[in-house]
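Letters go in sequence order (proteins before strands), and every chain restarts at 1.
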Amino acid sequence: MSSLADLRAAVEAASADVRADNEGGHGAAPSLERPKKEGFGDYSTNAAMLLAPVLRDQPRAIAERLGGTLTERLGGALEHYEVAGPGFLNLFLTDDWYRAAVAEVLAAGEGYGAGGASRPERMLVEFVSANPTGPLTAASGRHAAYGDALCRILAFHGHEVKREYYFNDAGTQILNLGRSIRARARGEEMPPDGYQGEYVRDLAAEIPDAAERSPEDLAAAGVERLLARIEAALERFGVHFDSWFSERRLHEGSPSAIERALSQLEQAGHVYRSDGALWLRTTTFGDDKDRVVERSTGNFTYLAADIAYHADKLARGFERLINPLGSDHHGYIARLRAVLAALGHDPDLLETPILQFVHIVEAGETTSMSKRRGDFVTLDELLDQIGVDAARWFLISRSNDTTIDLDLDLARSESNENPVYYVQYAHARIASMLAKAGDERVAGALAAETCVELHPTERTLIKRLLAFPDEVAEAAARRTPHRLAAYALELAQDFTAFYRDCRVVGAEPEELESFRIALSVATQRTIARALDLLGVAAPESM
RNA sequence: GCCCCCGUAGCUCAGUCGGAUAGAGCGGCGGCCUUCUAAGCCGCGGGUCGCAGGUUCGAAUCCUGCCGGGGGCACCA
């Protein structure tokens with residue numbers, strides 16, 4: 001139990017007490033929030049307004065009764081309460097409560113905010129999964145930043161998480177890459193849908209005897225080189241995958257994984273033959289139309305491979321599959337859900353958060369990136385320009401369903417203004433302060449019992465620290481890592497206000513210095529943790 | 001035509017499973033370095049939360065319609 005959980009429990013219990021007095025029914029859970037305005041208390045609840053219709057009484061009168069009950073329940077923690085506005089109950093807490101709260105944060109140590117998942121799940125997050133037909137673009141960087149941060153958050157929240165990259169090393173686009181390389185090697189005209197990028201020319205030069213080799217052969221050689229580059233770019237970005245899954249593998253063997261999956265679906269009666277092709281009846285499970293899995297030419301479609309791939313994921317025992325997808329793939333979701341249902345699983349175990357596009361802005365014009373046109377900014381270029389931390393922050397701090405405009409010139413010129421540095425600076429500042437106090441003094445401060453009066457900015461900072469576990473839980477549950485970026489910035493701002501108003505090292509009396517050192521340590525750890533969950537470094541000095 | 005996402009300050013965006021007087025960063029203007037890091041701090045200015053209805057004690061948030069932007073509707077991947 002924490003101070004905050006106690007407080008919430010007390011509000012709910014008091015609410016139940018008041019309701020029981022009048023034998024009321026069941027209501028929505030009362031809120032417990034930090035009001036925006038200072039005069040509205042440290043925490044505020046709408047419990048009375050929720051009870052009003054049930055009890056058929058004035059909200060303000062109910063709030064008054066709730067306040068009385070809470071005063072008894074909370075004892076010395078509640079300084080006083082006020083009934084305000086339409087029936088809010090505003091709670092003002094004592095410094096005792098705040099000091100106990102800081103002690104709890106410190107006692108939790110590195111684990112502060114961790115765990116809390118009501119039901120830990122075995123999760124597979126498949127992300128990026130960009131075809132190895134070119135270098136990784138900045139748009140893929142967004143997927144990498146999002147997927148990796150999400151994995152960090154889910155794992156910290158208590159889930160068992162694996163990261164996987166599924167790569168397409170078979171099929172028409174790959175053959176297309178091979179043909180493009182050969183065209184460059186021979187100085188011939190590019191195929192109509194060929195890859196126009198400069199990197200194809202480089203591949204043609206790197207691969208020995210490229211002009212004489214078959215497109216299939218060149219494709220394999222190209223894929224191998226491009227995959228190595230992709231992995232290197234991701235590692236540089238701080239994103240490491242637990243596994244790399246080859247599509248080609250699904251086609252190999254007899255029967256192949258694809259054939260096995262399709263025969264399973266056939267036995268379940270979900271496939272049929274029409275117009276010379278084999279179809280999956282996805283409409284049974286809510287898709288707009290049925291989908292071809294084996295073309296009349298005898299080749300399997302991409303969907304067929306994906307069926308086998310997802311059957312494989314499930315066979316590996318994952319209880320939750322998370323596939324962040326680009327917004328251009330959202331039409332694919334109904335199909336994928338239908339596949340899971342046809343395989344006999346609950347389609348809801350598959351989640352597909354959508355990431356909107358990253359647009360390139362040049363001279364005021366925006367375009368979306370196209371690998372085929374060779375019109376893109378690579379992740380490496382972005383990292384060269386603004387560095388890993390600024391890039392990760394830039395790509396993760398916005399909601400996944402907002403498009404991002406990337407103007408490389410602007411990004412470079414503004415990188416010094418990136419809020420990530422503000423957060424890192426707060427962390428470094430604390431490190432410097434604590435270094436000045438010395439390890440021994442810090443250890444002493446953490447062990448000290450203190451009973452000092454608090455400054456308002458200290459209370460604000462403590463409330464922010466207490467919000468961290470809920471922020472993590474929210475980011476995990478809603479698959480929204482960007483919330484933690486917003487939180488980290490707010491935490492840094494609250495710390496900076498505290499730093500401005502409250503002398504730490506050298507504060508008198510010693511008890512006061514002890515308390516402030518302890519509060520600084522709690523803040524430093526929490527900033528470091530929030531940054532870590534976003535994949536951003538927390539430097540000791542800047 | 002059908003489906004998904006977005007529309008909030010000059011710009012980039014938080015806030016969106018209902019709460020009180022809507023926030024931040026950047027940019028603009030004006031101040032602050034003998035005192036724990038000025039990558040900082042303080043002040044000023046800046047808003048029909050796309051539009052119109054509806055539900056509610058209460059709507060940026062929920063519902064409906066419309067307008068604008070992006071994306072998707074393959075025997076491509």
Acceptor/donor pairs from residues 431-440 of chain A side chains to any protein atom, 3.5 angstrom cut, sequence neighbours excluded:
none

Suppose you measure atom P in B:A24 against the same atom in B:A14; what distance do you get, rounded to whole Å? 16 Å

When we call it a touch if two heavy atoms are under 4.0 Å apart, what does A:Arg478 touch: a base, just sugar-phosphate, or nothing? base

Are any side-chain N or O atoms of A:Gln424 and backbone N or O atoms of A:Ala537, one a donor and one an acceptor, separated by less than 3.5 Å? yes

Close N/O contacts between protein and nucleotides 6-12 of chain B (under 3.5 Å):
| from | atom 1 | to | atom 2 | distance (Å) |
| --- | --- | --- | --- | --- |
| B:U12 | O2' | A:Arg398 | NH2 | 2.5 |

Would you please indicate if the ring centroids of A:Phe245 and A:Tyr309 are separated by under 6.0 Å? yes

Checking only heavy atoms, does the side chain of A:Asn90 share a donor-acceptor pair with the base of B:A20 at less than 3.5 Å? yes

In whole Å, I'd like the distance from the CG atom of A:Leu303 to the C1' atom of B:C73. 15 Å

Looking only at side-chain atoms of A:Ala277, point me to the closest of B:C75, B:A77, B:G72. B:C75

When the P atoms of B:A59 and B:G50 are considered, how many whole Å apart are they? 15 Å

Which of these nucleotides, B:G19, B:A20, B:G72, is closest to any side-chain atom of A:Asn46? B:G19

Considering all heavy atoms of both residues, which atom of A:His310 and which atom of A:Leu336 are nearest to each other, and what is their separation? CE1-CD1, 3.9 Å

How is A:Ser296 classified with respect to the nucleic acid when contacts are heavy atoms under 4.0 Å: base, sugar-phosphate, or nothing? base

Run the ring pair (Phe, Tyr, Trp, His ring centres under 6.0 Å) test against A:Tyr165 and tell me which residues pass, sequence neighbours left out. A:Phe241, A:Trp244

Rounding to a whole Å, what distance do you find between A:Ile174:CD1 and B:A77:P? 11 Å

Test of understanding: with ring pair (Phe, Tyr, Trp, His ring centres under 6.0 Å), list the residues that count as partners of A:His80, not counting sequence neighbours. A:Phe92

Sticking with atom P, work out how far B:C26 lies from B:G40, rounded to a whole angstrom. 7 Å

Does A:Arg503 use its side chain to pair, donor to acceptor, with the backbone of A:Val505 at less than 3.5 Å? yes

Applied to residues 482-494 of chain A, the salt bridge (charged side-chain N to carboxylate O under 4.0 Å, His left out) test, sequence neighbours excluded, yields A:Arg464-A:Glu490, A:Arg464-A:Asp494, A:Glu474-A:Arg483

Counting the atoms with a prime plus P, OP1 and OP2 as sugar-phosphate, which does A:Pro86 contact under 4.0 Å by heavy atoms, base, sugar-phosphate, or nothing? base

Just the rounded figure in Å: distance from P of B:A77 to CZ of A:Arg179. 13 Å

C1' spacing across the pair B:C67 / B:C51, given as an integer number of angstrom: 7 Å

Given pairs defined as Watson-Crick or G-U wobble with both distances under 3.5 Å, what dot-bracket annotation applies to RNA chain B, with ( ) intrastrand, [ ] crossing, | other strand and . unpaired? (((((((..((((.....[...)))).(((((.......))))).....(((((..]....))))))))))))....

Testing B:G19, B:A14, B:G72 for proximity to the side chain of A:Ser399, the answer is B:A14

Please tell me which of A:Gln356 and A:Thr301 maps to the more 5' nucleotide of RNA chain B, matching each residue to the nucleotide holding its nearest heavy atom. A:Gln356

Among residues 284-294 of chain A, which contact RNA chain B at a heavy-atom distance under 4.0 Å? A:Lys289, A:Val292

Using OP1 and OP2 only, check whether a side-chain N or O of A:Arg34 sits under 4.0 Å from B:A20. no

Any residue meeting ring pair (Phe, Tyr, Trp, His ring centres under 6.0 Å) with A:Phe515, in chain and number order, not counting sequence neighbours: none

Can you check the distance between B:A39 and B:C33, where both ends of the measurement are the P atom (answer in whole Å)? 15 Å

At less than 4.0 Å, is any side-chain N or O atom of A:His482 found next to OP1 or OP2 of B:G15? Yes or no. yes

Please report, rounded to the nearest Å, how far the C1' atom of B:C13 is from the CG atom of A:Leu406. 15 Å

Have a look at A:Ile354 and say if it touches a base, only the backbone sugar-phosphate, or nothing, with a 4.0 Å heavy-atom cut-off. nothing

B:C33: syn or anti, with syn meaning chi within 90° of zero? syn

Note: A:Pro132 and A:Val223 closest approach over all heavy atoms is CG-CG1, 3.8 Å

Please check if the side chain of A:Gln385 supplies one atom and the backbone of A:Leu382 the other of a donor-acceptor pair under 3.5 Å. no

For A:Thr282, enumerate each residue passing the side-chain hydrogen bond (donor to acceptor under 3.5 Å, both in side chains) test, keeping only those at least two apart in sequence or located in another chain. A:Asp287

OP1 or OP2 of B:A20 under 4.0 Å from side-chain N/O of A:Lys36: yes

Classify every nucleotide of nucleotides 34-44 of chain B by which part a protein heavy atom approaches to under 4.0 Å, writing B for the base, S for the sugar-phosphate alone and - for neither, in 5'-to-3' order. -SBBSBSSS--

Could you note down all residue pairs passing salt bridge (charged side-chain N to carboxylate O under 4.0 Å, His left out) where residues 324-335 of chain A supplies at least one of them, sequence neighbours left out? none

Between C1' on B:C13 and CZ on A:Arg483, what's the gap in Å once rounded to a whole number? 14 Å

From CG of A:Asn299 across to C1' of B:A74 the rounded distance in Å is 15 Å

Whole angstroms only, please: what is the CG-C1' distance between A:Leu51 and B:G19? 15 Å

Name all residues meeting the ring pair (Phe, Tyr, Trp, His ring centres under 6.0 Å) criterion together with A:Phe285; count only those two or more places apart in sequence or in a different chain, and write none if there are none. A:His270

Check this for me: A:Glu224, atom CD, are more than 12 non-hydrogen atoms of other residues, nucleotides or ligands nearer than 6.0 Å? no

Regarding A:Arg60, tell me which of base, sugar-phosphate or nothing describes its non-hydrogen contacts under 4.0 Å with the strands shown. nothing

Is there, by distance only and without an angle test, a donor paired with an acceptor across the side chain of A:His330 and the base of B:G72 below 3.5 Å? no

Can you see whether A:Tyr422 engages A:Gln493 through a side-chain donor-acceptor pair at a distance of less than 3.5 angstrom? no

Expressed as a whole number of Å, how far does the P atom of B:G69 sit from that of B:G58? 35 Å

Which nucleotide wins on minimum distance to the side chain of A:Ser327, given the candidates B:U16, B:A14, B:G71? B:G71

Is the base of B:A20 touched by the side chain of A:Ser44 through a donor-acceptor pair closer than 3.5 angstrom? yes

Starting at the 5' end of RNA chain B and moving along, which residue's nearest nucleotide shows up first, A:Glu33 or A:Gly331? A:Glu33

When all nucleic acid strands are considered with a 4.0 Å heavy-atom cut-off, which category describes A:Ala437: base, sugar-phosphate, or nothing? nothing

Side chains of A:Glu64 and A:Tyr81: do they bring a donor and an acceptor to under 3.5 Å? yes

Any side-chain donor near an acceptor of the partner, A:Thr352 and A:Asn323, under 3.5 Å: no

Spacing of A:Leu484 atom CG relative to B:A14 atom P, expressed in whole Å: 15 Å

Interatomic distance at C1', B:G31 relative to B:A20, whole Å: 34 Å

Rounded C1' spacing from B:A60 to B:C17 in Å: 15 Å

